[in-house]
Every structure is written in C-alpha cells, then in structure tokens.
K.L.:
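Got a structure for you, questions after.
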Amino acid sequence: MKTRVISAAVLVPILFLIVLVAPVSAAAAILGMLLAIAAYELLYRTGLVKQPRLVIYSSVMAFAISMWSYFEAARAYFVLLLMAFFMLMLAEMMMDHIKVHFETVSMCFVGGVMIPYFLTALIRILTMNVGRYVILIPFIVAFMNDAGAYFVGLRFGKHKLAPVVSPNKTIEGVFGGLGGAMLGMLIYALILDFFLKFEVNYLIALLYGLLGSAVGTFGDLCFSIIKRQTGIKDYGNLIPGHGGVLDRFDSLSMVAPLMEALLLLLPLVKM
C-alpha cells in the first residue's frame with residue numbers, strides 16, 4: 001500500500017503536467033510510448049502471442065495510432081494504416097501458418113489497434129477547442145470510480161460482484177464507485193462554472209459520472225478476466241505498486257472513448 005501511494009503521489013503531478021501544460025505533440029508521443037508498452041504487456045507478457053515480430057508490429061501500430069490522433073489526419077490515412085497492418089499480419093500468417101493462426105492475428109488487432117484507438121481518445125479530446133479544460137474528465141471519472149469502489153468496498157463490501165473474475169470486487173463497491181464518479185464530476189462542474197466561467201450543464205455532468213462509472217467497472221473486469229485466464233497477477237511492473245500500463249489504464253480504456261463521444265454528442269460546457 002505504501003509503495004502504491006508513493007507512486008500515485010509522484011505520477012499524478014506528472015500526469016497533470018503532461019495533459020494540462022505540455023504541448024499536445026509531447027502528450028501524444030508519451031501516450032504512444034505507453035500504448036506500445038501496453039501492447040507488449042497484453043500480447044507477450046500474457047503469453048497470448050509468442051512471436052516477437054508480431055508483438056513489435058503491434059507496438060509500432062499502437063504508437064502510430066496515437067500520433068495519427070494528434071495530427072487529426074484524414075480518415076483515409078487511418079484506413080490505409082489499418083490496411084497495411086492487416087496485410088502485414090496476414091503475410092506473417094501465410095509465411096508460417098503452422099505457428100501463426102488467425103486467432104493470433106486477431107489478438108494483435110486488439111493489442112495494436114482497438115485498445116490504442118480507445119485510449120487515444122485522450123489525444124482527440126485534447127485537440128478539441130476546449131480540450132485543456134475537459135481533458136481531466138476521463139481521469140476524474142475513472143480514478144474517482146476506482147477510489148470510491150475501493151474504500152466503500154473495503155468498509156461495507158459483503159456481496160461479491162464477480163468472485164471468479166475479481167474476488168475483491170463487491171456490489172457495495174460498485175455503488176461506491178458510482179457515487180465517487182458522480183461526486184467527482186459534480187465538483188469539477190462547479191470548478192468549470194465558478195472559477196473558469198464556463199456555462200455548465202450539471203445534469204450532463206452527473207450523466208458523465210454515471211455512465212463512466214458503469215463502463216469503467218466493466219473495463220476493469222474485462223482486463224481482470226484476461227489476467228485470470230492467462231495466469232498472471234499483473235500485466236507488468238512499470239509502475240511500482242500498480243503493475244503495468246494496462247493495470248493502471250484498464251478502466252480508462254473504456255471511460256476515455258465514452259467521454260470523447262459524450263463531449264461530442266452531449267457537450268458539458270459552453271464558452
């Protein structure tokens with residue numbers, strides 16, 4: 001616990017500097033490197049993909065998606081990027097169809113394309129007109145959900161949510177996470193309103209917290225079942241006390257794209 005708290009105390013200020021102060025290009029490059037590590041964690045450390053070359057391709061693709069999101073490139077370029085990656089994977093399968101199965105290629109798509117695209121919603125949010133002011137929303141929702149679930153579950157948790165997948169999660173903790181995410185969004189809405197002088201819709205802020213908490217918990221369980229099936233405790237050891245990139249960003253991988261969609265469909269603030 002002590003190591004976990006110290007790591008958080010160091011990393012949270014760094015995170016704030018990256019998303020609030022650093023150039024968006026730097027944020028995209030840093031996230032791209034983290035996503036490349038995440039692809040390695042999901043594919044190689046779990047043993048799901050044993051061919052190093054495929055893991056390298058997936059990691060490079062993960063980084064490329066982050067930079068594509070930063071440059072706001074035309075959709076045509078993204079399609080070409082996907083085609084090149086897909087053809088490369090199929091070429092590997094044709095060269096060694098005994099060891100490289102279609103299931104292997106599919107897992108590379110999850111690690112190299114799907115998860116990176118979800119998480120690079122953070123970069124796409126940053127490039128919005130009010131990006132610097134709303135970029136904290138995915139983090140607030142994900143982290144307050146985790147904190148609320150942890151502390152309420154620790155104090156009041158009696159009914160297991162998914163005992164096989166994640167034995168420590170409780171139904172009481174889910175409601176604690178829900179309350180934490182909604183409270184976090186309410187506080188941030190007040191900051192945007194009274195200190196930054198935005199016109200804020202408080203009902204939408206609460207909706208962000210409600211929906212974000214639900215998908216965050218689901219994302220956490222999804223990555224937990226992968227660890228359970230592959231027999232690992234953590235995806236990595238990059239972050240002391242927290243594990244790997246995917247251990248820390250598991251719920252965020254679902255929360256970030258949802259917040260991107262909500263910010264476009266149901267804007268929280270008006271200038």
Side-chain angles (χ1 to χ4, degrees), residues 11 14-43 53-91 105 107-142 198 208 212 215 219 238 244-246 248-271:
L11 292 174
I14 294 175
L15 175 64
F16 274 40
L17 287 174
I18 292 172
V19 299
L20 296 178
V21 180
V24 181
S25 58
I30 292 170
L31 180 60
M33 289 185 284
L34 290 175
L35 290 174
I37 295 171
Y40 161 77
E41 290 176 348
L42 179 67
L43 301 176
R53 197 160 58 234
L54 298 184
V55 177
I56 292 173
Y57 295 155
S58 301
S59 293
V60 171
M61 182 66 176
F63 181 84
I65 288 178
S66 184
M67 299 312 298
W68 173 83
S69 295
Y70 162 65
F71 284 110
E72 298 180 338
R75 186 173 61 181
Y77 292 109
F78 185 57
V79 172
L80 291 174
L81 188 64
L82 286 177
M83 286 183 63
F85 183 68
F86 188 50
M87 292 172 68
L88 189 60
M89 292 292 104
L90 291 181
V105 172
M107 285 183 284
C108 288
F109 257 82
V110 173
V113 177
M114 191 181 78
I115 293 175
Y117 184 78
F118 282 173
L119 279 171
T120 50
L122 297 171
I123 302 303
R124 295 188 293 277
I125 291 173
L126 261 180
T127 58
M128 294 179 179
N129 291 334
V130 291
R132 292 290 188 182
Y133 301 99
V134 297
I135 186 57
L136 290 180
I137 290 176
F139 296 101
I140 290 170
V141 171
F198 282 99
Y208 279 25
V215 301
L238 180 67
V245 174
L246 286 178
R248 184 62 275 172
F249 287 174
D250 49 6
S251 60
L252 195 63
S253 66
M254 293 291 183
V255 174
L258 176 64
M259 294 303 109
E260 178 192 12
L262 289 176
L263 285 166
L264 294 172
L265 298 173
L266 295 172
L268 175 65
V269 299
K270 293 182 180 179
M271 297 295 288

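Along the sequence shown, the residues carry numbers beginning at 1. As a basis for the values below, the full set of heavy atoms in this structure was taken, side chains included, without hydrogen atoms, waters or symmetry mates.
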K.L.:
Apply side chain to side chain contact (heavy atoms under 4.5 Å, CB included) to residues Leu90 and Met87 and explain how you reach the verdict.
P.N.:
CA-CA 5 Å; Leu90 291 181; Met87 292 172 68; 5.8 Å; no
K.L.:
With rounding to the nearest 0.5 angstrom, report the CD1 to CE distance, Ile115 to Met254.
P.N.:
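With rounding to 0.5 Å, CD1 (Ile115) is 8.0 Å from CE (Met254).
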K.L.:
Kindly give the heavy-atom pair with the smallest separation between Leu20 and Arg132, and that separation in Å.
P.N.:
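That would be C-NH1, 3.3 Å.
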K.L.:
If you round to the nearest 0.5 Å, how far is CD1 of Ile65 from CG of Leu82?
P.N.:
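Here the rounded value is 6.5 Å.
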K.L.:
Answer whether the closest heavy-atom distance between the side chains of Ser58 and Phe85 falls below 4.5 Å.
P.N.:
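In contact.
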K.L.:
Only counting residues at least two apart or in another chain, list the ones meeting side chain to side chain donor-acceptor pair (under 3.5 Å) with Tyr117.
P.N.:
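Here no residue qualifies.
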K.L.:
Applying side chain to side chain donor-acceptor pair (under 3.5 Å), which residue pairs with at least one partner in residues 252-266 are found, sequence neighbours left out?
P.N.:
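Every side chain to side chain donor-acceptor pair (under 3.5 Å) pair that includes a residue of residues 252-266, provided the two are not neighbours, is Arg124-Glu260.
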K.L.:
On a heavy-atom basis, which atom in Ala64 and which in Leu81 lie closest, and how many Å separate them?
P.N.:
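It is CB-CD2, 4.2 Å.
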K.L.:
Extract all donor-acceptor atom pairs below 3.5 Å that involve side chains of residues 22-41 and protein atoms in other chains or at least two apart in sequence.
P.N.:
| from | atom 1 | to | atom 2 | distance (Å) |
| --- | --- | --- | --- | --- |
| Glu41 | OE1 | Val245 | N | 3.1 |
| Glu41 | OE1 | Leu246 | N | 3.0 |
| Glu41 | OE2 | Val245 | N | 2.9 |

K.L.:
Of all heavy-atom pairs between Val141 and Met259, which one has the smallest distance, and what is that distance?
P.N.:
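In terms of heavy atoms, the two residues are closest at CG2-SD, 4.3 Å.
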K.L.:
What distance separates Leu119 CG from Phe249 CZ, expressed to the nearest 0.5 Å?
P.N.:
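It comes to 7.5 Å.
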K.L.:
Starting at CG of Leu122, measure out to CD1 of Ile137 and round the result to the nearest 0.5 Å.
P.N.:
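These two atoms lie 11.5 Å from each other.
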K.L.:
Yes or no on side chain to side chain contact (heavy atoms under 4.5 Å, CB included) for Tyr57 and Leu54, after CA distance, side-chain angles and deciding distance?
P.N.:
CA-CA 5 Å; Tyr57 295 155; Leu54 298 184; 4.2 Å; yes
K.L.:
Does CZ in Arg53 sit with more than 12 non-hydrogen atoms of other residues, nucleotides or ligands closer than 6.0 Å?
P.N.:
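No, CZ of Arg53 has 12 or fewer neighbouring heavy atoms, counting only those of other groups under 6.0 Å.
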K.L.:
Roughly how far apart are Ile135 CD1 and Ile18 CD1, rounded to 0.5 Å?
P.N.:
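With rounding to 0.5 Å, CD1 (Ile135) is 11.5 Å from CD1 (Ile18).
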K.L.:
Is the closest side-chain heavy-atom distance between Tyr70 and Thr120 below 4.5 Å?
P.N.:
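Sidechains of Thr120 and Tyr70: no contact.
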K.L.:
Looking only at heavy atoms, which two atoms of Pro257 and Leu252 are closest? And how far apart?
P.N.:
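Minimum heavy-atom separation between Pro257 and Leu252: CD-O, 4.0 Å.
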K.L.:
Nearest 0.5 Å, please: how far is CH2 in Trp68 from CE in Met61?
P.N.:
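It is 10.0 Å, given to the nearest 0.5 Å.
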